[in-house]
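Naming: A, B, ... by sequence-line order, numbering from 1 per chain. Only this structure's heavy atoms are used, side chains among them; waters, hydrogens and symmetry mates stay out.
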Amino acid sequence: MSELLDVSGDFPLLGRTVREGKRLVYLDTGATAQKPTAVLDAERGFNERHNAAVHRGAHQVAEEATEAYESARAALAQFVGADFGEIVWTKNATEALNLVAYAFLNATLGLGGAEANGFRLREGDEIVVTELEHHANLVPWQQLAAKTGAVLRWIPATADGRLDTEQLDVIGEKTRIVAFTHASNVTGAITDVAPIVERAKRNGAMTVLDACQSAAHLPVDFHALGLDFAAFSGHKMLGPTGVGALYGRAALLEQMPPFITGGSMVEIVTMEETTFLPPPQRFEAGTQMVAQTVGLHAALDYLSDIGMERLAAHEDQLTALLLEGIASVPQVRVLGPTDTRDRLAVVAFEVDGVHPHDVGQVLDDQGLAVRVGHHCAQPTHRSFGVHASTRASAGVYTGAADVEAFIAGLHRVIDFFGVGA
Amino acid sequence: MSELLDVSGDFPLLGRTVREGKRLVYLDTGATAQKPTAVLDAERGFNERHNAAVHRGAHQVAEEATEAYESARAALAQFVGADFGEIVWTKNATEALNLVAYAFLNATLGLGGAEANGFRLREGDEIVVTELEHHANLVPWQQLAAKTGAVLRWIPATADGRLDTEQLDVIGEKTRIVAFTHASNVTGAITDVAPIVERAKRNGAMTVLDACQSAAHLPVDFHALGLDFAAFSGHKMLGPTGVGALYGRAALLEQMPPFITGGSMVEIVTMEETTFLPPPQRFEAGTQMVAQTVGLHAALDYLSDIGMERLAAHEDQLTALLLEGIASVPQVRVLGPTDTRDRLAVVAFEVDGVHPHDVGQVLDDQGLAVRVGHHCAQPTHRSFGVHASTRASAGVYTGAADVEAFIAGLHRVIDFFGVGA
Amino acid sequence: MASAMEQLYQQVILDHSRLRSGERSLEHPHGESFQVNPTCGDECRVQVRVTERRLTELGWTGKGCSISQASLSVMHEMLEGESFDDAEELGELFRELMRSRGAELEPADQQQLEDLSAFTGVAKYPARIKCALLGWMALRDAMLQAQHD
Amino acid sequence: MASAMEQLYQQVILDHSRLRSGERSLEHPHGESFQVNPTCGDECRVQVRVTERRLTELGWTGKGCSISQASLSVMHEMLEGESFDDAEELGELFRELMRSRGAELEPADQQQLEDLSAFTGVAKYPARIKCALLGWMALRDAMLQAQHD
Ligand SMILES: Cc1ncc(COP(=O)(O)O)c(C=O)c1O
Ligand SMILES: Cc1ncc(COP(=O)(O)O)c(C=O)c1O
């Protein structure tokens, strides 16, 4: 076993205590990550020196703001294996996924001219999702289907919370879109992307990857994966809230009609009609989350300094510790793979006879911050026959002591509710 | 004349220099405002102590984050004369306006059930905008019209850049939506809201106010104005980038189908279909700009401490100084009212024989940051027979010395390009 | 002194979450309501049968945490057979308790709340208040429905 | 030493912005392109007539700042009558100049750029680079079109 990282000192929030002086053990990184000082400094520094409207005006501060904003885009493109113009800023991954779904809707309603033909859906066209999706990569497609007459189909999950690769036949001739997660935020399972992309391509369908969990914890390369679109959020990657991004293959972004419309994405506007700028500006209407892109840039630098390979190795060890510790508590059932292969350090579980809210409460009382509920993935929970779970998830700043405290906490849950053997 | 405010010391960015040591005179507040230290501290403080996913999980930090997020909503509601549940967070005003337009579209496409009947458009229904709109309050309505067969009509501008109140007859029986600005970001003219709301109501049309410029510089009370919707942005109100809001009358928000869909806005999700939460959650999909709402809350506190009446009086004096100074330069023509009545401290102008870019450049060289271009309002410029202008706009931190420097700068422009009399 | 968490999980609550008094479906209810806690997907259905503004029968089904289940169970014990007015009054008092942030109650209120006063500790945990109130929201809805029919 | 702004507005540029060499519409152009600078709405239309990959005629119309107008004027003076290859080479060199952030050019390049070297100062103002390049984008487009017809 290689050395674990030891960087929690970089994260001011982790120094605080909760519930009458208990050390905070933050195991909710799957929901949102804490931010290193470097990120907070970068964001504040921007606001103190370079804040102005971007892509406008000829004054020096505006020039600097534009430079900061666009260099964050360049850094992000490089970080995820994309070209500069293939990154569209959004407020979060959810908006990014909706952007794609609404491009299909708007094209289907006749916008975008002949260029947008590839985005027009016909009744009976199929959209394929999976049973492991976060609601953000399920509900927009349901809505699109309801509005266009397309049919929603899905790849089911296996009993241990992976995609059932025996059932990729769901993707067929009628499939126009395949939207799937790179890693489940419930089971932690990492998807083998290649066979899905291969089958989608063979059938002429576009691929949309939910990279929310993966981009934050693994090295990703969207070009190498051959994807058409991918969505992710800054706040999961040590960046600020309020910023996310869509990756879109250049040729496809070119063809898409806009989603949100307004200032800074137009060419010529008359009272009667409007022509639009090329991507990525076409999809960035109004004043953007500029300071937040600068914060995210600092987060990417921080992650790159560590190295995503090293981060992934660090988290693999934590996964092993988590699964091992949990295995020692017989009342606990993991919802997801129980080995570390192709798996993030995200572990959802049930405690026999104790509701997740109650589990979480007793853990919280010990300073252990976990997530309880359905984690925005009700169908995934239903596939396990439960409607909610407790989830512990690790990040760059999580250490072995955190996992130990967590396992001790689980024993206290068992004792407190008297559900011991 | 009462005392001008003197608070520029609260704004770190204003202490910097540009272009080889020149004092920065920031006259681009109409585009985006600078932020006081209190705002930067609040945002950072949140990130250092309370950052977590809101409305989820049972741990203490998540509770605190939720409390911070919702108390920002309460503060904003109070600030603009709305009820708590009538404020929906968005990334900017542009998204807020699109949210309303897309609610109409989605209802028209059959979503939202019988409740959403009031949002269904039929071919020939009319949407009324004005010639003074920012693209953010024009293009989304053009798009909605193109997609639904509704017809776009507009109230023209007068020669001095106000709404032509003689032409309110554009609002008639067929009108379903009247979208208009509270204050033009080009001419600075403040709209007399009452007669427009009255006429809209009489014809059963909904009203959508673009309050971007007004909410930042005047006391506003959306209930008192009898509005149905209003949109505005945090970054113009001394708050962070990346946060804005929609005000919607409670009864109407209830009836609207969602816009962006995903996590945190759903009730029950199956693979087949989804039911949605009540407003405002229904319209807040995915992880929100939580730290930014906290920053905005601090901005509102800062503004309230000063008092919006006092701020408006301060800015009125600056308007007078600006208009007076400009009147002394014969080569300059103001695009907008030349008296201070019902007018913001936003002054766009032409310099005879000098292109706005060149005007802005020479001003910039003296440390004067103004905006050049069409300010996202091409039709407004066209109504003046120009395609671009230079714009100086003031804020809480602007002082008389700034205006003096600006007028001196204008003289230098005249000299530099040799267009003097 | 008991910790905040021990105050939260008082024995009354733990007992009621196992007792589940009134957990059953009614036939031909006059009013019913289904409520979901969006955080966790916890659900409950409350059904009522009514005679002259009196809850002659009150039944519930659902899945949820100990707080939500105990709250339903106590609700059933205290309100089945009671008048609408009493139910509304108790509901209002309970909602007030939940807004109290865990402050001590007046002795009179405490007496009226009976077993419900065991939920005082819940008010210190904002995220759990919804759990305690879920069944009461459903009851209010169900009563409204029964009134209108 | 001249300030950055004085370097930006060299006399050549101010002169050309008034001279407006080549400002006219062509009849029956073989290629034309309309470009807009989204920041300010500045527009230009460049039209070309072509014989054997040579720009026999080059005309432009448009409204814009001194930088964009001067750039079009110099472009006309230098390229009317020249071959596509020369036009492409010069355009590429000019784009390089604009990316240089105002660094000194090699003497050979400077010589080839002739009056265009007066635009060196523009490269220090990122927001103005688009102004200088607007006409050149239109020219490239118009030539492409003429080639395809
Ligand atoms: C009048 C007006 N409306 C709308 C907007 C758009 O606001 P935002 O860019 O923050 O979405 C602006 C500012 O740019 C504005 O001044
Ligand atoms: C797998 C997955 N997809 C999508 C999302 C949505 O991301 P956001 O809430 O930042 O839009 C999340 C996080 O909540 C996630 O974990």
Side-chain donor-acceptor contact under 3.5 Å, B:His355 with D:Asp42: yes
Where does B:Val362 contact chain D at under 4.5 Å (heavy atoms): side chain, backbone, both or neither? both
Kindly check if the number of other-residue, nucleotide or ligand heavy atoms within 6.0 Å of CZ (D:Arg140) is above 12? no
So CE of D:Met5 and CZ of B:Arg412: to nearest 0.5 Å the spacing works out to 4.5 Å
Please check if the number of heavy atoms outside D:Arg101 that lie under 6.0 Å from its CZ is greater than 12. no
Is the closest basic N to carboxylate O distance between B:Asp364 and D:Arg128 below 4.0 Å? no
Using a 3.5 Å distance criterion without hydrogens, assess whether the side chain of B:Asp358 forms a donor-acceptor pair with backbone atoms of D:Ser66. yes
Could you note down all residue pairs passing salt bridge (Lys or Arg N to Asp or Glu O under 4.0 Å) where residues 22-37 of chain D supplies at least one of them, sequence neighbours left out? D:Arg20-D:Glu23, D:Arg24-D:Glu57, D:Arg24-D:Glu80, D:Glu32-D:Arg45
Does the side chain to side chain contact (heavy atoms under 4.5 Å, CB included) test come out yes or no for B:Gln361 and D:Leu8, once each step is laid out? CA-CA 10 Å; B:Gln361 196 76 58; D:Leu8 173 66; 3.4 Å; yes
Can you tell me how far the CZ atom of B:Phe416 sits from the CD atom of D:Glu6, to the nearest 0.5 Å? 6.0 Å
Tell me which of these, B:His381, B:Gln378, B:His374, has more heavy-atom pairs under 4.5 Å with chain D than the rest. B:His374
Rounded to the nearest 0.5 Å, what separation is found between the OH atom of D:Tyr9 and the CG atom of B:Asp365? 9.5 Å
